[in-house]
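Source: prediction; values computed, not measured. In what follows, chains are A, B, ... by sequence order, proteins preceding strands, each numbered from 1.
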2 protein chains.
Amino acid sequence: MDSAGGGRQAKYVRIADELRAGIQSGRYGPGDRLPGENDLMAAHGVARMTARAALGVLQHEGLAEARKGAGVFVRGLWHSPTRRRGIQRLAQERWGAGRSVWADEAGERELVVDQVEVWEEAAGEPVASVLGVAVGAAVWVRSRRFVLDGKPVMTAVSWLPGDIVAGTPVTEADTGPGGTYARLAELGFGPVRFREEIRSRMPSAEEAERLRLGAGTPVVVVVRTAFAEGGRVVEVNEMTLDAGSYVLEYEFDA
Amino acid sequence: MDSAGGGRQAKYVRIADELRAGIQSGRYGPGDRLPGENDLMAAHGVARMTARAALGVLQHEGLAEARKGAGVFVRGLWHSPTRRRGIQRLAQERWGAGRSVWADEAGERELVVDQVEVWEEAAGEPVASVLGVAVGAAVWVRSRRFVLDGKPVMTAVSWLPGDIVAGTPVTEADTGPGGTYARLAELGFGPVRFREEIRSRMPSAEEAERLRLGAGTPVVVVVRTAFAEGGRVVEVNEMTLDAGSYVLEYEFDA
DNA sequence: TAGTGGTCTAGACCACGTT
DNA sequence: ACGTGGTCTAGACCACTAT
């Protein structure tokens with residue numbers, strides 16, 4: 001009846017361990033259905049909530065996902081995460097040539113950019129600080145979502161100084177060939193140096209919905225700061241990635 | 001009595017939303033105790049398991065952590081994550097000067113390297129492939145854990161080609177001043193180029209224990225490949241980081 | 001000792017997907 | 001129609017922490 005009586009471990013932990021071992025050994029392959037609540041109740045003589053707890057462990061570890069009315073299935077870790085080459089993708093030749101930075105990352109797959117919103121606002125404290133403008137100064141904000149083969153993989157929000165981009169195509173939904181960086185270059189503020197900061201955490205409920213993340217899937221947050229000649233910050237871009245959809249790569253000399 | 005009857009949302013979701021709003025608004029600050037199971041049962045007229053479910057949501061989001069016998073507390077996100085400068089830290093001047101790559105990252109804090117193990121083994125398929133050696137060839141493996149101010153923050157496993165490092169200090173627990181890279185340089189195989197691949201996922205139960213991770217904390221996996229002059233791979237290092245303890249930074253030119 | 005979270009039971013109704 | 005996971009109840013005992 002109690003938890004510590006029989007063994008040292010909680011029942012649901014032991015059941016979860018057993019299922020996990022089955023996944024790692026290949027007895028349950030990607031896409032396979034795991035024993036369900038009723039199966040586990042019968043096999044281990046436990047209550048429904050205990051069986052659920054065991055399955056919940058695997059879901060929170062990202063190893064399995066539940067589909068209502070169907071069962072709990074082993075996750076396909078991972079289909080084919082996008083390789084994002086942090087340094088080469090931002091080489092000037094890319095956007096200088098009018099080529100979208102995102103296009104060749106997608107490869108053969110269909111990339112859709114949706115939920116595009118662009119607006120002007122007054123810089124609050126944190127934004128003003130990183131952009132290097134006065135609090136209350138006009139900044140333009142670009143927000144959008146990237147969907148690859150029907151699966152949302154990233155959201156991004158950019159902040160740009162209003163005194164540079166006001167009245168230019170950067171404030172339009174479509175920034176034209178080469179994107180924002182090509183336009184900034186034409187304005188004499190082409191980025192010459194970048195800094196990317198990478199964090200990872202669990203998503204908020206809203207982020208999980210917008211990226212359609214299953215339980216047990218973290219997000220990777222990349223904050224890129226773009227510097228023009230002279231050191232002025234011309235863009236700050238905060239990207240929120242589905243951790244399962246991306247591998248970030250940086251290659252550099254010693 | 002039912003879930004969909006009263007509102008659209010499950011009760012535990014609404015309770016979790018309310019608590020989350022309280023955290024984000026600052027009503028509950030970092031380190032504060034949240035209303036406990038009994039409080040929520042009384043306040044919302046729900047059963048214990050329902051109150052638990054609500055608190056569980058916040059814990060899995062990484063916003064709160066439970067302490068047995070004490071309560072559920074708002075997490076201190078984040079104390080002071082280590083800033084890991086991916087590119088500068090591997091500049092030749094660093095390890096060339098006999099300075100540990102890890103030392104100045106730790107700053108004032110106390111860094112302990114423990115659980116050090118070094119052994120020789122025959123390369124399996126995946127390792128042979130990335131190291132560029134034959135399957136079955138001798139490789140040396142270095143495994144260790146990094147503990148910062150008493151908190152484990154990273155584990156690391158390195159693989160090195162046996163034909164280069166056999167019989168050298170690289171196969172000892174202590175590799176001496178400048179570490180492995182300085183020794184490789186003395187052997188004529190100093191790294192001149194690096195590639196780092198970054199992924200993020202939820203930890204396994206074992207990883208969570210070894211890094212003492214609370215629920216809702218992902219790990220970041222960094223796989224670094226070091227290339228010597230001529231392109232030969234001289235080391236592959238797989239690092240598993242507590243996502244809450246690190247910010248990775250890469251700074252580079254366009 | 002009193003209160004806390006951790007585990008567990010044995011029921012129940014629901015929305016959903018597959019058959 | 002049936003089985004699935006999702007939610008919920010009203011109890012219970014335990015180990016742990018704080019007082």
Report summary line: Within residues 41-52 of chain A, the residues having a heavy atom closer than 4.0 Å to DNA chain C are A:G45, A:V46, A:A47, A:R48, A:M49, A:T50
Report summary line: To the nearest angstrom, the CD-C1' distance between A:E37 and D:dG6 comes to 8 Å
Report summary line: B:Q59 CD to C:dT7 P, in whole Å, measures 10 Å
Query - Below 4.0 Å: OP1/OP2 of D:dG3 and any side-chain N or O of A:N38 - result: no
Requested in this report: Using atom CD of B:E65 as one end and atom P of D:dT17 as the other, report the distance to the nearest whole Å.
Outcome: 14 Å
Query - Distance, rounded to the nearest Å, where B:Q9 contributes CD and D:dG6 contributes P - result: 15 Å
Report summary line: Regarding the side chain of A:R33, the nearest nucleotide among C:dC8, C:dG5, D:dT4 is D:dT4
Report summary line: The side chain to side chain contact (heavy atoms under 4.5 Å, CB included) partners of A:R33 (sequence neighbours excluded) come to A:D39, A:F73
Requested in this report: Take the protein atom CZ of B:R14 and the nucleotide atom C1' of D:dT7, then report the distance between them rounded to whole Å.
Outcome: 13 Å
Query raised in the report: Which whole-number value in Å describes the distance from B:F73 CZ to D:dC16 P?
Result: 17 Å
Query raised in the report: Under 4.0 Å between a Lys/Arg side-chain N and an Asp/Glu carboxylate O for A:D17 and A:R14?
Result: no
Query raised in the report: Does CD in A:E209 sit with more than 12 non-hydrogen atoms of other residues, nucleotides or ligands closer than 6.0 Å?
Result: no
Query - SB check A:E206 B:R20 (cutoff 4.0 Å) - result: no
**Report entry** Partner of A:R145 by side chain to side chain donor-acceptor pair (under 3.5 Å), out of A:T155, A:D114, A:T240
**Finding:** A:D114
Query raised in the report: If you check the A:Y12 side chain, which of C:dT7, C:dG5, D:dG5 turns out closest?
Result: C:dT7
**Report entry** Short side-chain N/O contact from A:K11 to OP1 or OP2 of C:dT9, under 4.0 Å
**Finding:** yes
Query raised in the report: Pick one: which of A:E235, A:R142, A:R224 meets side chain to side chain donor-acceptor pair (under 3.5 Å) with A:S158?
Result: A:E235
**Report entry** Whole-Å gap separating P (D:dT7) and NZ (A:K68)
**Finding:** 8 Å
Report summary line: To the nearest angstrom, the CZ-C1' distance between B:R67 and C:dG3 comes to 15 Å
Query - Min side-chain heavy-atom separation B:F146-B:K151 under 4.5 Å - result: no
